[in-house]
Amino acid sequence: MSWTADEIAAIAAAEIPEGAFVNLGIGQPERIADFIPAGREVVLHSENGILGMGPRPPAAEEDMELINAGKKPVTLIPGGAFFHHADSFAMIRGGHIDICVLGAYEVAANGDIANWTTGKGGVPAVGGAMDLVAGARSVRVITTHTTRAGRPKLLQTLSLPATGRGVVDRIYTELGIFKPMGEAYRLLRAAPGETLEAIAARTGAPLRQAD
Amino acid sequence: MSWTADEIAAIAAAEIPEGAFVNLGIGQPERIADFIPAGREVVLHSENGILGMGPRPPAAEEDMELINAGKKPVTLIPGGAFFHHADSFAMIRGGHIDICVLGAYEVAANGDIANWTTGKGGVPAVGGAMDLVAGARSVRVITTHTTRAGRPKLLQTLSLPATGRGVVDRIYTELGIFKPMGEAYRLLRAAPGETLEAIAARTGAPLRQAD
Amino acid sequence: MIDKIFPDARAAIDGVRDGDTVLIGGFGEAGNPTELIHALIEQGARELTVVNNNSGNGEIGLALLLHERRVARLICSYPRGSHAHVFETLYRDGQIALELVPQGTLAERLRAGGAGIPAFYTPSGVGTALAEGKETRTFAGRDHILEHAICGDVALIKAEAADRWGNLVYRKAARNFGPVMAMAAKTTIAQVRKVVPLGELDPEAIVTPSIFVSRVVPIADPISERDHILALEQAR
Amino acid sequence: MIDKIFPDARAAIDGVRDGDTVLIGGFGEAGNPTELIHALIEQGARELTVVNNNSGNGEIGLALLLHERRVARLICSYPRGSHAHVFETLYRDGQIALELVPQGTLAERLRAGGAGIPAFYTPSGVGTALAEGKETRTFAGRDHILEHAICGDVALIKAEAADRWGNLVYRKAARNFGPVMAMAAKTTIAQVRKVVPLGELDPEAIVTPSIFVSRVVPIADPISERDHILALEQAR
């Protein structure tokens, strides 16, 4: 019985320590904010110049000059600050962001990640993804374990253009928590009812049990 | 009859246009601030993070957290702003300072300037001089025409270690206003009673009359 | 007396030339100098290179400038989006050149341009398609690529308040690229919601000091991109 | 709950190790974290590399740290001055190494260290003795030299006010090197005149956001260097 999206978000949230400065990617990673354990202070960074980002406001209080990286209205919590883009990315590139959690099209067992283009043409767009994977101290990925077509997203090597090389150190999927180890992935934790063998069958590189 | 220090400062001040952003070096250049024509707004920059520097305050209002590059108490005029050192030197290096006026031990006819070390040992110190001469749009020098021993300070080539190369575009001394032209200086204006010949005799490179 | 306040956007935009590089502030819907862009359209300069994080929203501002075919080349990090159809169509039709730059590299290249740093090394983008053809160098065992400064002929930005010297403060996340673009352009033009008397802005809280600003235009009630996009969506 | 407030300077300084690089804020008499330096003297770390714009004033703070022979090497722009006799004596006696850096290059190397930029090109210092041995490269027809980032193990800075997250505001020209040093060190320790409740600092006016600060110590009434120097001069 695999984890739901909310369960994955809660698991990823549980692994964020108090006081961490965290950048959450657009989409599924954003949900982590809703599951930070009560009483644990975590400071959310948004690449467009916000530290101390709070939840989405009620519709009547939405302010299009207070938006997140996904361009959606957010709030600022006490202790928050605004700064310009070069300072914001100094935080990222300079190794000051403790954890970033991103979505991905593919990850590789050597820690490579692809999440900026499907390589199929159309308009390419990169945003802050390459800066985040190069700069955050811990780069974590939340993704479905396989594509809609059932193809593994945890691969031996990327098939899509890379966002960064050798940077991912944790992957959360509906089947478990994984760590890229170079040639293989390590299964740190399996979702209830899942076995190493069952997960390995849906993974594109060797999968080993954690010690 | 050569100019007094105040007259030189007034002449240099008269050549600063309204709205200019100006950095004045420690010592004689600082006096220029006292001679900006009334009603002409000039914005003074101090390398330690001030724009809109005003005159020295009365003793009772001195604040050692509001000091100039020479570490002496100053004031802030309306419109002034504080910023950090990297931003301050971004203004300098980035070509945003219209004019800097510096003292010098020596200048050369090719625009080289020496003002950071006499090369005699002792403790070397450079401060912001190399940044200012590299970055300001117009680098101007105020100096006595000769050393106390009577040796020319306007030379063909420097004898002392350089602060910058090919950067000076105007020199004010008690004898006149000069422009380095490469092989020679051009006399833009002579102090009252001074002649080209008399000044040339005290100058270490050929001196030509302005057209 | 220093007075950088201009009566209207059209007057402030004067002097932009064909082929200029125009830095345009904004991220998503926050901080876009829409009225200045409309004045630029009226002014008529063509063959522009535009630097902006995105590629315009809906059919106003940068999107309208693109639609009017004034932009030969866009330097940006994220030209895709739910309201970026004007750019997407031009791009697919091969009518505009695109230089895609990681967002942090874009911000840093602009700051470098303003700070007199012609080039710097960065780890962002190493090993990716966006590093192709770029000089690579190893520092402390880690690969970096060389990136070059971006300077603009003109910057168009939006701030919250200004004084007659051109000191600027911003509002919330509308600050974004404004400060670095103001540094990086020969002529920086800011539209602001209000102009305040000299000395009223707190000298400790001024974000863009006057030295980086050439012209200021008060636009008290700028166009709401959100309203525009809602209207567009309702019209479909 | 995040709480970076430490009860006293000695507690805050804990963990500095022999051989560490210590970034120390201040320019002239403004912004020197004198109490933190005195705590560092008490703590005992030796063979330090210190980065500061100057070389200490009188016989307190950095001057006292030098006098106690804790500093093997000083990286600075202006070690000379009317009250720099402690450094001058050590330097003349060959008891301390000096790396002289143009002031703007010093500030930019620190910012680079904090921003993850390992090296950059600058026109400052080209053609001078301080460029000797440095890589030179021409951009747009102008020579530049390559300068490398400075990172610190610890930064000691002085600010005006902080909250428990470590957000900082400064006072007037005491801001100087504080913000870039805070960015560039693994552990940044700030002494502040006052600690205010979280949310009290204006988010638009915070100069050093909390992410750059590790520890905060309230020192309500720091030593006045001016008083100290006047007393020294009277004692002569």
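Convention: sequence-line order gives letters A, B, ...; per-chain numbering from 1.
Most heavy-atom pairs under 4.5 Å with chain A: of the set C/Arg92, C/Glu225, C/Arg193, this distinction falls to C/Arg193. If you tally non-hydrogen atom pairs under 4.5 Å between each of A/Gly80, A/Ala69, A/Ala81 and chain C, the highest count goes to A/Ala69. Annotation: maximal heavy-atom pairing with chain C below 4.5 Å, among A/Gly49, A/Ala86, A/Gly122, A/Ala114, occurs at A/Ala86.
For a residue to count as touching a neighbouring chain, one of its non-hydrogen atoms must lie under 4.5 Å from one of that chain's; by this rule C/Val180 touches chain A with the side chain only. Only the side chain of A/Ile50 comes within contact range of chain C, with at least one heavy atom under 4.5 Å from a heavy atom of that chain. Heavy-atom distances place the side chain of C/Phe87, and not its backbone, under 4.5 Å from chain A. For A/Thr163, the part sitting under 4.5 Å from any heavy atom of chain C is the backbone (N, CA, C, O) and nothing else. With a threshold of 4.5 angstrom between heavy atoms, A/Asn68 approaches chain C through N, CA, C or O but not through any side-chain atom. Neither the backbone nor the side chain of C/Arg109 comes within less than 4.5 Å of any heavy atom of chain A.
Contacts from residues 72-79 of chain C to chain A, taken as heavy-atom pairs separated by less than 4.5 Å, involve C/Ser77, C/Tyr78, C/Pro79 in sequence order. Interface residues of residues 21-38 of chain C toward chain A, defined by a heavy-atom distance below 4.5 Å and sorted by number: C/Phe27, C/Gly28, C/Glu29, C/Ala30.
Heavy-atom contacts from other residues, nucleotides or ligands closer than 6.0 Å to CD of A/Glu183 number 12 or fewer. Heavy-atom neighbours of C/Lys194 NZ from other residues, nucleotides or ligands within 6.0 Å: at or below the threshold of 12. Counting non-hydrogen atoms of other residues, nucleotides and ligands closer than 6.0 Å to CZ of C/Arg137 gives a total above 12. Within a 6.0 Å sphere centred on NE2 of C/His67, other residues, nucleotides and ligands contribute 12 heavy atoms or fewer.
Applying the ring-ring contact (aromatic ring centres under 6.0 Å, His included) criterion to C/Phe120, with sequence neighbours excluded, gives no partner residue. Checked against ring-ring contact (aromatic ring centres under 6.0 Å, His included), A/His145 has the following partners two or more places apart in sequence or in another chain: A/Phe178.
Here the straight-line distance linking atom NE2 of A/His84 with atom CZ of C/Arg111 works out to 7.5 Å at 0.5 Å rounding. We find the OG1-CE distance between C/Thr122 and A/Met130 to be 11.5 Å, quoted to the nearest 0.5 Å. The CZ atom of C/Arg171 sits 8.0 Å away from atom CG of A/Leu66, with the distance rounded to the nearest 0.5 Å.
With hydrogens and angles ignored, the 3.5 Å screen pairs a side-chain donor or acceptor of A/Arg165 with a backbone N or O of C/Gly127.
Contact annotation: the side chain of C/Gln103 approaches that of A/Glu47 to within less than 4.5 Å [non-hydrogen atoms, C-beta and beyond]. The shortest distance between side-chain heavy atoms of A/Pro124 and C/Tyr91 falls below 4.5 Å. Counting only heavy atoms from C-beta outward, the side chains of A/His85 and C/Leu110 never approach each other to under 4.5 Å. Using a 4.5 Å heavy-atom cutoff, the side chains of C/Lys172 and A/Leu76 are not in contact. A/Trp116 is listed as a side-chain neighbour of C/Leu130, based on a closest heavy-atom distance under 4.5 Å. Contact check for C/Ser124 versus A/Arg93: side-chain heavy atoms found under the 4.5 Å cut-off. Under the 4.5 Å side-chain criterion, counting only non-hydrogen atoms from C-beta, A/Glu65 is in contact with C/Lys158.
In terms of heavy-atom proximity, A/Ala134 sits nearest to C/Pro123 at CB-O, 3.8 Å. A pairwise comparison of heavy atoms in C/Asn54 and A/Lys71 identifies ND2-NZ, 3.2 Å as the closest pair. The shortest non-hydrogen separation linking A/Asn48 to C/Ala173 is ND2-CB, 3.8 Å.
Results of the side-chain contact (heavy atoms from CB on, under 4.5 Å) test with A/Val126 over C/Val101, C/Thr105, C/Leu100, C/Leu106 single out C/Leu100 as the only residue that passes.
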